[in-house]
Each structure stands twice: as C-alpha cells, then as structure tokens.
Amino acid sequence: MDYGCGSGENSVILSALGSHVTGIDISPELIALSERRMEVTGFRWQARVASAYATGDPDNSFDVVFGAAILHHLDVGDAAQEISRILNPGGRAIFSEPIRDSGILRRLRAITPVPVRNASPGEYPLTTAKINEFSSSFEFVRSRRFSSPWGRLISRLGYDRHRLIDHLDIWINNNLTGRLAAFEVFELRKSV
C-alpha cells in the first residue's frame, strides 16, 4: 500500500519495480492525478479515495505499507492502529518523514514567522517522540536520518554535493547533530 499516495509519484515507481500497489489518499483531486499518471506512464495500480484511519481494506491484506511525508498530517496512534490491522503478520511498514527535533530551530521558527505554503490543516512538526509513539505497536527494524543543515549549507555555498560531502553529512548527523536532520526513514515489522 502507498499510504497517502498523493498524485502517485511513488506508486508508479513501486509498480515499475513489479509490486501490486494500492494507493490511498483522502484527496479526490490527487487520486484523479494519480489515475492520470497511470495513463501517461502505462503502469497500473489501484488508486482510490480513502481515509488513513479507515482504509476499507480487510485485515492482514498487505505485505508492505509505504508512506512518504504522511505521518505529520495524521494522529499517529490512529494511523498505527489501521496500519497494524491491514499488515500481514511479519509485514513491514516503511516511512520517510520530515523530522523536527531541534528545540533551537523550533524557537527560531517561532520568532521568524514565514508564510507556510501548501500546509494542510492539522499538519504539525513530527518529532522523535511522535515516531516512537507510532512505532510502539511494531517491532523496530532500522532507521536512518538524512540531510543535516551542514550538507545543505555546503551545497548553498556553491560546492557540488558529492559522495564525500554526503558521507560527512551522515557522519555529522549520526555522531554530532542528529537532532538537526531533515528526514528520517524507518522500517518497522508487524509481529508474527
């Protein structure tokens, strides 16, 4: 399942890799774009309007639930309950989420208001505490954080990003400033 599939950007990739994909999203407009993407690419998946909290799928019906930047729009407890319900025993939940753990950055954002474009109602900064809340009903498999401000700063100074900078960025994230990472990718497993 492409959980919160939007216009199908990830559904087409998953389909191209040979997966049988069901994409759900609460937005009829985005599901219409997903269907148009199928027409243009020639890849097929099931795309339908559904709630992340009540997908309408039977219990134990998916091997993998994948989500990209969706959890910070949802109540993580309700989302975890639905994902656990639809995952097969031993099934995996894989998410890539923006993460906002730095108290310093939160305070800076509060005193330097910037217009938020494309924010949905109820959207909030996702933190490690919220990810832990979401993950509590699953077995933890692994996680990794990406893109500390240091790598982005180096890129903005005009240096091309290359493997050395990316490796340095990851090392700094893991060892010094993990709380400043922009994204976390994590994998969970439903108990057998």
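In this text, all values refer to a predicted model and were calculated from it rather than measured experimentally.
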Should [X] and [Y] count as side-chain neighbours, where that means a heavy-atom distance under 4.5 Å?
X    : Y    : result
E139 : L188 : no
N88  : F62  : no
M38  : F43  : no
H72  : P98  : yes
E82  : D78  : no
N60  : L87  : no

- Query: Which ILVMFWY residues are connected to L30, directly or by a chain of links, through side-chain heavy atoms under 4.5 Å apart?
  - Reply: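 L33, listed by chain and number.
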Backbone N/O of [Y] and side chain of [X]: donor-acceptor pair under 3.5 Å:
X    : Y   : answer
S19  : S15 : no
E97  : L71 : yes
D2   : G23 : no
Y3   : A93 : no
K190 : S84 : yes

Any link between [X] and [Y] through a network of hydrophobic side chains (Ile, Leu, Val, Met, Phe, Trp, Tyr) touching at under 4.5 Å?
X   : Y    : answer
V65 : V141 : no
I94 : I86  : no
I83 : Y53  : yes

- Does a sphere of radius 6.0 Å around CD in E133 hold more than 12 heavy atoms from other residues, nucleotides or ligands, not counting ones at 6.0 Å or beyond?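 Correct, the count exceeds 12.
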To the closest 0.5 Å, what do you measure between [atom1] ([X]) and [atom2] ([Y])?
X    : Y   : atom1 : atom2 : value
R36  : S7  : CZ    : OG    : 12.5 Å
Q46  : S34 : CD    : OG    : 10.5 Å
S137 : R85 : OG    : CZ    : 13.5 Å

- Pick one: which of I24, T22, V12, I31 meets side chain to side chain contact (heavy atoms under 4.5 Å, CB included) with C5?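 Of the listed options, the one satisfying the test is I31.
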- Any side-chain donor-acceptor pair under 3.5 Å between T55 and D57?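 A donor-acceptor contact under 3.5 Å links the two side chains.
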- Test log, rule side-chain contact (heavy atoms from CB on, under 4.5 Å), inputs V64 and M1: CA-CA 6 Å; V64 177; M1 171 173 281; over 6 Å; no
- Between F95 and F134, ring centroids under 6.0 Å: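 Ring-ring flag for F95/F134: true, centres closer than 6.0 Å.
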So which heavy atom on [X] is nearest to which on [Y], and how close?
X    : Y    : value
F138 : A80  : CZ-O, 3.7 Å
F186 : S135 : CE1-OG, 4.1 Å
L14  : F66  : CD1-CD2, 4.3 Å
G6   : D25  : N-OD2, 2.8 Å

